[in-house]
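Report on the structure given below.
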Amino acid sequence: MQIMLNPNLDLAALAQAYKARNRIQIRDLLQPIPAEDLHKVLAQTTPWKLVYYDQGNVVALTSDELQALSPQDRAQRIAGVYSNARNNFGFIYQAFLMAENYAERRFPGHPLHSVLEFINSEPFLNIVRKVSGIDSITSADGQATLYVPGHFLNSHDDKIAGHKRRVAYVLNMSKNWNPDWGGLLQFYGPEKSVDQVFVPRFNSLSLFTVPQEHAVTAIAPYAPVGRFAITGWFVDP
């Protein structure tokens with residue numbers, strides 16, 4: 001799969017807009033045909049894992065492992081995620097761990113390997129450097145994500161000791177997303193006030209400097225489709 005950037009991006013204007021809040025959503029990042037191809041890969045050929053947060057531990061289950069659980073066990077685990085998330089950090093969604101799978105040479109030939117290489121290419125890195133104003137960025141990690149009804153990511157700021165995360169990114173790949181369905185990238189201000197919201201518009205790239213408190217709001221039970229994205233962080237050496 002060949003991915004090509006939109007050649008008409010005005011990086012100077014985007015950089016100026018980014019300065020206002022250290023965040024931006026860039027529309028029409030990719031050329032139309034590559035964007036459609038990437039959507040098809042996520043919707044049709046990606047082997048997802050269910051990942052969730054369980055009292056300090058990240059659990060990842062393949063579809064086979066999930067099917068092997070009894071219905072009672074599955075229901076109990078999900079109920080535990082919701083219970084813990086009421087007053088603490090929590091998340092649950094489906095993921096394809098792109099950086100991990102690439103490094104460990106899993107799923108040879110899968111198109112998302114070339115997507116990770118593309119995100120780490122100089123043309124892509126240069127866009128992020130110029131828009132964010134952070135010239136020290138050298139690489140990015142990444143995962144593909146799929147949020148379906150009941151999935152969410154509670155508020156957090158992406159800052160972890162020992163990690164050199166500089167700019168977080170979300171490459172949105174959901175078509176015709178209705179904000180009523182949830183899945184919004186929501187930024188917080190003082191006293192948990194909502195400062196800004198990014199709707200996951202198709203073929204848009206959300207960038208924001210780390211740390212910033214944000215969340216992905218829960219997907220509504222009536223959402224007819226899932227929320228596809230590729231997410232991660234651009235990092236220093």
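Note that the structure is a prediction, hence the values are computed from the model and not measured.
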Would you call the rings of His39 and Phe228 parallel, tilted or perpendicular, where under 30° means parallel and over 60° means perpendicular?
perpendicular
Between Tyr188 and Gln186, does any side-chain donor sit less than 3.5 Å from a side-chain acceptor?
yes
Would you confirm whether the ring centroid of Phe234 sits within less than 6.0 angstrom of the ring centroid of Tyr169?
yes
Please check if atom CG in Leu69 has more than 12 non-hydrogen atoms from other residues, nucleotides or ligands closer than 6.0 Å.
yes
Are any non-hydrogen side-chain atoms of Pro200 and Leu184 less than 4.5 angstrom apart?
yes
Which atom pair, heavy atoms only, marks the closest approach of Asp180 to Ala220?
O-CB, 4.0 Å
Gln76 atom CD, over 12 foreign heavy atoms within 6.0 Å
no
Test of understanding: with side chain to side chain donor-acceptor pair (under 3.5 Å), list the residues that count as partners of Tyr147, not counting sequence neighbours.
none
Atom CD of Gln2: over 12 foreign heavy atoms under 6.0 Å
no
Of all heavy-atom pairs between Ile219 and Gly182, which one has the smallest distance, and what is that distance?
CD1-C, 4.1 Å
Quick one: do Ile127 and Leu11 satisfy side chain to side chain contact (heavy atoms under 4.5 Å, CB included)? Show the steps, please.
CA-CA 7 Å; Ile127 287 177; Leu11 298 186; 4.1 Å; yes
Exceeds 12 heavy-atom contacts within 6.0 angstrom, atom NZ of Lys175
yes
Could you tell me which non-hydrogen atom of Leu42 sits nearest to which non-hydrogen atom of Trp48, and how far apart they are?
O-CZ2, 3.4 Å
In this structure, which one of Arg165, Lys164, His163, Arg166 forms a side chain to side chain donor-acceptor pair (under 3.5 Å) with Asp236?
Arg166
CG of Leu153 to OG1 of Thr217, rounded to nearest 0.5 Å, is 10.0 Å
Answer yes or no: is there a side-chain heavy-atom contact under 4.5 Å between Ile230 and Thr145?
no
Contacts of type salt bridge (charged side-chain N to carboxylate O under 4.0 Å, His left out), residue Asp157, not counting sequence neighbours
none
Does the side chain of Tyr222 come within less than 4.5 Å of Asn178's, by heavy atoms?
no
Partners of Ser155 by side chain to side chain donor-acceptor pair (under 3.5 Å), sequence neighbours excluded?
Lys192
Non-hydrogen side-chain atoms of Val41 and Met173 separated by less than 4.5 Å:
no
Does Gly80 offer a backbone N or O that forms a donor-acceptor pair with the side chain of Ser83 under 3.5 Å?
no
Side-chain heavy atoms of Leu146 within contact of His151, under 4.5 Å:
no
List in chain and number order the residues that pass ring-ring contact (aromatic ring centres under 6.0 Å, His included) with Phe96, two or more places apart in sequence or in another chain; answer none if no residue qualifies.
Phe107, His110
What residues, two or more places apart in sequence or in another chain, satisfy ring-ring contact (aromatic ring centres under 6.0 Å, His included) together with Phe187?
Phe198, Phe208
Taking the six-membered ring for Trp, are Trp177 and Trp181 parallel (under 30°), tilted (30 to 60°) or perpendicular (over 60°)?
perpendicular
Identify the two heavy atoms, one from Val51 and one from Ala60, that lie closest to each other, and give their separation to 0.1 Å.
CG1-CB, 3.7 Å
Taking the side chain as every heavy atom from C-beta outward, state whether Arg74 and Gln67 have any atom pair closer than 4.5 Å.
yes
Hey, is Arg106 close enough to Glu100 for a salt bridge, meaning N to O under 4.0 Å?
yes
Heavy-atom distance under 4.5 Å between the side chains of Arg129 and Ile134, does that happen here?
no
Distance-only side-chain donor-acceptor flag, His156 / Asp158, under 3.5 Å:
yes
Can you establish whether the number of heavy atoms outside Tyr18 located under 6.0 Å from its atom OH is more than 12?
yes
Going by the rule side-chain contact (heavy atoms from CB on, under 4.5 Å), which residues pair with Ile78 if we only count those two or more places apart in sequence or in a different chain?
Tyr82, Ile92
